[in-house]
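For clarity, every value in this text was computed on a predicted model and none was experimentally measured. Quick note: numbers below take in every heavy atom, side chains included, and nothing from hydrogens, waters or symmetry partners. Just so it is clear: chains get the letters A, B, ... in the order the sequence lines come, proteins before strands, and each one is counted from 1.
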Amino acid sequence: MSVELILKEKIKKAFAKLGIEIDSEAIVIECSKDKSHGDYATNAALKFSSLLKKNPRESASLIVEQIETSGLDKIEIAGPGFINFFVKKDSLVSVISKIINDGIAYGNGENKNNRINVEFVSANPTGDLHLGHARNAAIGDSLARILKKAGNDVTREYYLNDAGNQIDNLALSIEARYQELFGRDVTIGDNMYHGADIIEIAKHIKKLHGDKFLDNKNALKFFKTFGMDEELKKINKDLELFRVKFDVYSYETKVRANDAVLKEIDFLKNHTYKDGDAIVLRTTDFVDDKDRVIVKSNGEYTYFLPDIVYHVNKLSRGFDSLIDVLGADHHGYINRMKSALMMHGYKEDVLDIELIQMVRIFQNGEEVKLSKRTGNTITLRELCEEVGVDAVRYFFVARSASAHLDFNIDLAREQSNSNPVYYAQYAYARLTSVLEQAKDIPLDQSGSLLKESAEMDLVKVLVDYPNVIQDAANKKEPAIITNYIQKLATSVHSFYTACRIIDKDNITLTSNRLALSEAARIVMNNALDLIGVNAPNKM
RNA sequence: GCCCUCGUAGCUCAGUUGGAUAGAGCAACGGCCUUCUAAGCCGUAGGUCAGGCGUUCGAAUCGCCUCGAGGGUACCA
């Protein structure tokens, strides 16, 4: 059990002795920022003083009298009524042997028996993944890793809208380029795809099939599936480069098979009304602020309807909850989809939509304006080639998803200390190097000789790791992990500078410090992996 | 108009679910390499937490108003 949990239990029991039951979730334990405030502190006396009918300081002393003191050096009451805990060194340093024994499993949450489906990227296979997809991929994948680490059963899913207009336009674009290869006059319309990738696909088809599809009734159908496969192959190659892998690909055409959409309309009939020839879903009965059209006057479906079918499909596969990672422009989508799922009897929070704010690119101190129309775009591949996968993944996750991200290309490209990725990777490389040089010296996991403040600070950061994972998972916020990585790197560098690790004249101390180094190395590797960043042995 | 996200050091951002003297990194300044990687460490300086009112023992955090940035408000996807 972690130190924090032990303290929570102690506080809970102290309250119980005073005749008050409180939930241990409600007890807040903080790591003290100031050493004179002990190792950990709680505001429980302040928070619950009204229950004790005493002022905060009096409450604090009542509680302190009841706290069982094993594992503690002393307890102090300070300020308006904080209770400060000075923890015995042994209870802190025991984390070293725990980390070394658990290895990569350190920080794993208990199995929650909770199946979560995380859907992200889901870009239409009509061209390269661009900047927005890159942030989506970085955050979605990191989130999946974190949720898994926290003890959930996670499935990564990619949804392909292969029934929509985009795919038709893709087929038309390929057809035009294909005919062009045979010298025909073609015009590429505004809603068609102008990219060079389309020309490549057309050439590929010509090479494989010659003029077979020049005047062929089935040409468009073929261009559609062939083009989509080609584009998806490229997307997957880019994603692989970006260290993102999906467990499941869902095709809209398959989701819609067996009249699933018609059945859905029938299922929803008690929640719909007609507006002219259109069918409108009464989402305002639930959590939406406006009713939504699901079938247009011309009989076509809006995208919303098959999307409902898709979400119901996901839930029918046995997931306890769904997460969609979407761009911030999908804001209006959240409540209408939740409403639709509530019509199916699901709770509002069965679906969680993580909105990702826009990325702005800065170069030479100026914003780079991107536009698909003018062809001025940046693809995920270009970005990775330009600044490296580690830097891109780190930067795209390091800011809270709900915050706009200004991505400074010059900074990310810079292989210098102004780049936070290198700061963390360097800490890892230093530890690895020391451990390699001292590989003949056995580790002493007892921590009995550790006493320097730099050593104990590092130990406390390591103790904190499992809590950080739970926190990041609960808040669905990968940026919490990067914040932790920075803190850990700082502690490692301070320790490294303040304490000489290998000392041939003091092998016992060396063994202690090597064990601490190994523990820190394991946790750093572990944390970097959660955001998909490599931990290099050398830099 | 209405809804959402946001506004914290010169820049980019944290801030542990209302707590003690608001913190990092970069940029600036001053120190530290005969020994494990100086891509590092230690220190100095830098703040009207956009502004105002309120809630209470206590507010960057909660509520209301104002100002400012971005997004949404489609029978587009």
Tell me whether A:Asp162 contacts the main-chain N or O of A:Glu252 through its side chain, where contact means a donor paired with an acceptor under 3.5 Å.
yes

Checking all strands, does [X] fall into the base, sugar-phosphate, or nothing category for heavy-atom contacts under 4.0 angstrom?
X        : answer
A:Ala78  : base
A:Asn537 : base
A:Ala427 : nothing
A:Asn84  : base

Between A:Leu46 and A:Asp289, which is nearer to the 5' end of RNA chain B once each is assigned its nearest nucleotide?
A:Asp289

Which residue lies more 5' along RNA chain B, comparing A:Ile29 with A:Gln486 via nearest heavy atoms
A:Ile29

Specify the closest pair of heavy atoms between A:Ala60 and A:Gly81, including all atoms of both residues, with the distance to one decimal.
CB-O, 3.9 Å

For [X] and [Y], test the side chains for any donor-to-acceptor distance below 3.5 angstrom and give the result as yes or no.
X        : Y        : answer
A:Asn512 : A:Thr510 : no
A:Thr482 : A:Arg399 : no
A:Thr283 : A:Asp288 : yes

Nearest-Å distance, OH (A:Tyr40) to P (B:A20)?
18 Å

For the residue pair [X] and [Y], does the interplanar ring angle fall in the parallel (under 30°), tilted (30 to 60°) or perpendicular (over 60°) class?
X        : Y        : answer
A:Tyr484 : A:Tyr465 : tilted
A:His130 : A:His133 : tilted
A:Tyr310 : A:Tyr159 : parallel

Can you list every stem that RNA chain B is part of, counting only runs of 3 or more consecutive Watson-Crick or G-U wobble pairs with both distances under 3.5 Å?
B:1-7 with B:67-73, B:10-13 with B:23-26, B:28-32 with B:40-44, B:50-54 with B:62-66

Choosing from [options], which nucleotide comes nearest the side chain of [X]?
X        : options             : result
A:Thr497 : B:A20, B:C41, B:A38 : B:C41
A:Val28  : B:C13, B:U17, B:U37 : B:U17
A:Ser494 : B:C42, B:U12, B:C36 : B:C42
A:Arg399 : B:A20, B:C13, B:G40 : B:C13

Report yes if some heavy atom in the side chain of A:Phe86 is under 4.5 Å from a heavy atom in the side chain of A:Asn84; otherwise report no.
yes

Taking only the P atom of each, what is the distance from B:A22 to B:U61 in whole angstrom?
15 Å

For the C1' atoms, the ones on B:A50 and on B:A60, what distance do you get once it is rounded to whole angstrom?
12 Å

Anti or syn, where syn is a glycosidic angle within 90° of 0; which label fits B:C33?
syn

Polar atom pairs between nucleotides 73-77 of chain B and protein, under 3.5 Å, N or O only, would you list them?
unit_1	atom_1	unit_2	atom_2	d
B:U73	O3'	A:Lys290	NZ	3.2
B:A74	OP2	A:Lys290	NZ	2.4
B:A74	O5'	A:Lys290	NZ	2.8
B:C75	O2	A:Ser297	N	2.6
B:C75	O2	A:Ser297	OG	2.8
B:C75	N3	A:Ser297	OG	2.3
B:C76	OP2	A:Lys296	NZ	2.5
B:A77	OP2	A:Tyr303	N	3.1
B:A77	N6	A:Tyr303	OH	2.8

